[in-house]
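Inspection log for the structure reproduced underneath, given as structure tokens.
Count residues from 1 along the sequence. Start at 1 and go down the list; that is how both ligands and their atoms are numbered.
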Amino acid sequence: MGYETDLKLFIDGIWKTGEGRDAHTVLNPVNASPIAEVPYATKADLDEALEASNRAWPEWRSMDVEKRGAILHKAAQLLRERVDLIAATMTQEQGKILAESKAETLASAQLFDWYAEDAKRDYGRTLVRPAGQVSRVIRQPVGPVATFTPWNFPLYLLAKKVSAALAAGCTVISRPPHETPGVGTELFRALADAGIPKGVAQLVHGESGLVSETLIASRVIRKVSFTGSTNVGKHLMRLCADSMTRVTMELGGHAPVLIFDDCDLEKTLDMVVPQKFRNAGQVCVSPTRFYVQSGIYEAFVKGFAERTQKVKIGNGLEADTRMGPLANSRRPGAIEALVQDAKAKGARVLAGGERGDGGFFFQPTLLADVPNEAEIMNEEPFGPVAVSRPFDTFEEVIEQANRLPFGLAAFAFTENGRRANLIGDLVESGMVGINTFAISLADAPFGGVKDSGFGSEGGKEGMESYQVVKAIHQA
Ligand code: NAD
């Protein structure tokens, strides 16, 4: 299976490459070998994209919602038809196993279908007024949008932003990460082939600083949606402050998992272990801090370690691989440093703990008895590492779950209904999964609190994030 995506910029309806533009090499993380060259946008390309975005907006926003929806449905259909090609590109650029790449492609198609329909049900409201007077509240598209997305779910996170923004009537300029330009290109190819009018959806690969500074400073862009690290998110918010540009920030997490002694232990282990190592743990809602009630702690970590040792790592294109490499050369070293620090502070390594051979691999790892002073208890590992420690009381575990500045996702496993309700109320996070990890769904809002960012993606809230509210009063 080769790499088949033709990497180009898509500006004002034209696919562009060459012509003296810098090119960046794309690596396959399985063996660090080059697989493609991606052209980088120049300042002139960005200016052209801005001009086109601004020009295309009035027509797109006033297009009949059925017609707009038909283009989004068609893009969804093309993503499904091209699932094999897109998934192969994703696995070769990012490392995740082919089954996950295919599932991500299909979930991305579903987002376009969902928003194509949701846009038709975007009702405003009428306020009570004396006879003959009318006050109505409507939502309108915010304007041209810029999106910056990461490499961990290179298609889904991009699709989440682009589908909602386009459905809301906004034009979009997207900068995908340099690790996974092909997946982004395939999304825009589907939109182009679905008949998106020129200038409405544009793709600019490029140097992140140049792209974000140029787009945000332009005053054309009215909204920035970013997914990535808290540090870069704060940097972009500062840029946006100068132009009063609205933002949605989907940032890091450090999800606690509360395991109570009344859970079904074997069933829970069979769920949590594959979930931890999905996408090699490079998931912002990855289950990470396992707090396990004392009575079942040793049995839990033993069962977790046994299952972890059986996770087969390798090339994601091979059918029996269960976990691929990390996405880039920065990750193995960062994770190794966190594991070494935890060991030095008294953590037990019950599985893995080392880099893998070749490429950007790190072994699936379980650490037990990890003290709060260890950096990994405070910093998002964003890799295949689970950390665990025992707890005794409900109050204690809620305090531990809430002790970090992050608040994206939290999970709990318990058969006690009253306890489950309380967890839903008391844990400080944007999403809570109780006896489930299914928290990222087309119809549900997804987003964090505290340092995990603000604003929601997905669901009705996802489209509202690309709208402004207007009240119109008529006497
Ligand atoms: P990063 O924050 O440096 O980069 C995230 C994305 O933002 C990348 O696509 C990057 O190219 C882009 N970016 C970086 N600087 C930018 C700028 N000035 N303007 C616009 N875009 C910019 O993260 P990373 O080094 O790729 O990953 C490190 C950490 O980021 C991870 O450990 C994890 O904590 C976090 N992360 C979170 C998510 C998430 O889903 N929330 C995804 C990826 C990474």
Side-chain angles (χ1 to χ4, degrees), residues 24 26-27 29 38 40-41 46 93-96 104 146-161 173-181 183-184 204-217 221 224-240 245 247-255 278-286 288 326-338 360 362 375-376 378-385 404-409 429-431 439-440 446-455 457-458:
H24 181 93
V26 185
L27 299 179
V38 55
Y40 266 18
L46 299 171
E93 289 184 337
Q94 199 269 352
K96 71 179 60 177
E104 181 172 339
T147 77
F148 300 95
T149 44
W151 38 262
N152 55 336
F153 290 96
L155 189 61
Y156 188 74
L157 297 177
L158 183 60
K160 220 169 188 179
K161 297 181 194 307
I173 304 178
S174 294
R175 186 253 173 202
H178 60 262
E179 289 92 343
T180 54
V183 174
V204 289
H205 306 289
E207 200 274 307
S208 61
L210 175 72
V211 177
S212 53
E213 280 159 38
T214 306
L215 296 188
I216 294 168
I221 296 298
V224 166
S225 184
F226 173 74
T227 301
S229 65
T230 300
N231 280 345
V232 175
K234 287 180 179 174
H235 166 71
L236 292 179
M237 280 182 74
R238 283 183 208 107
L239 294 181
C240 287
T245 306
V247 293
T248 291
M249 290 282 150
E250 206 272 87
L251 308 177
H254 202 307
R278 183 168 77 107
N279 200 9
Q282 302 164 114
V283 181
C284 53
V285 295
S286 184
T288 295
L326 302 173
N328 58 47
S329 61
R330 302 188 292 284
R331 299 312 308 150
I335 293 164
E336 187 174 40
L338 290 171
F360 307 141
F362 199 90
E375 282 171 30
I376 200 164
N378 302 285
E379 196 182 306
E380 183 179 28
F382 220 67
V385 186
L404 292 187
F406 298 109
L408 190 58
S429 64
M431 287 82 62
I439 59 167
S440 183
F446 182 102
V449 297
K450 304 201 283 188
D451 264 7
S452 292
F454 55 79
E457 304 199 82

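When heavy-atom distances to ligand 1 are checked against 4.0 Å, the residues falling inside are Phe148, Thr149, Pro150, Trp151, Asn152, Arg175, Pro177, Ser208, Ser212, Phe226, Thr227, Gly228, Ser229, Val232, His235, Leu236, Glu250, Leu251, Cys284, Arg330, Arg331, Glu380, Phe382, ordered by chain and number.
Checking Thr147 against Ser225 by side-chain atom types alone, no donor-acceptor pair falls below 3.5 Å. Residues Lys161 and Thr227 bring a donor and an acceptor atom of their side chains to less than 3.5 Å of each other.
Residues Phe226 and Leu251 have side chains in contact (heavy-atom distance under 4.5 Å, counting atoms from C-beta outward). Put simply, the side chain of His254 reaches to within 4.5 Å of the side chain of Pro381, judged on heavy atoms.
His205 places no side-chain N or O within donor-acceptor distance of the main-chain N or O of His178, the cut-off being under 3.5 Å.
Using a 4.0 Å cut-off between a side-chain N of Lys or Arg and a carboxylate O of Asp or Glu, Glu104 and Lys96 qualify as a salt bridge.
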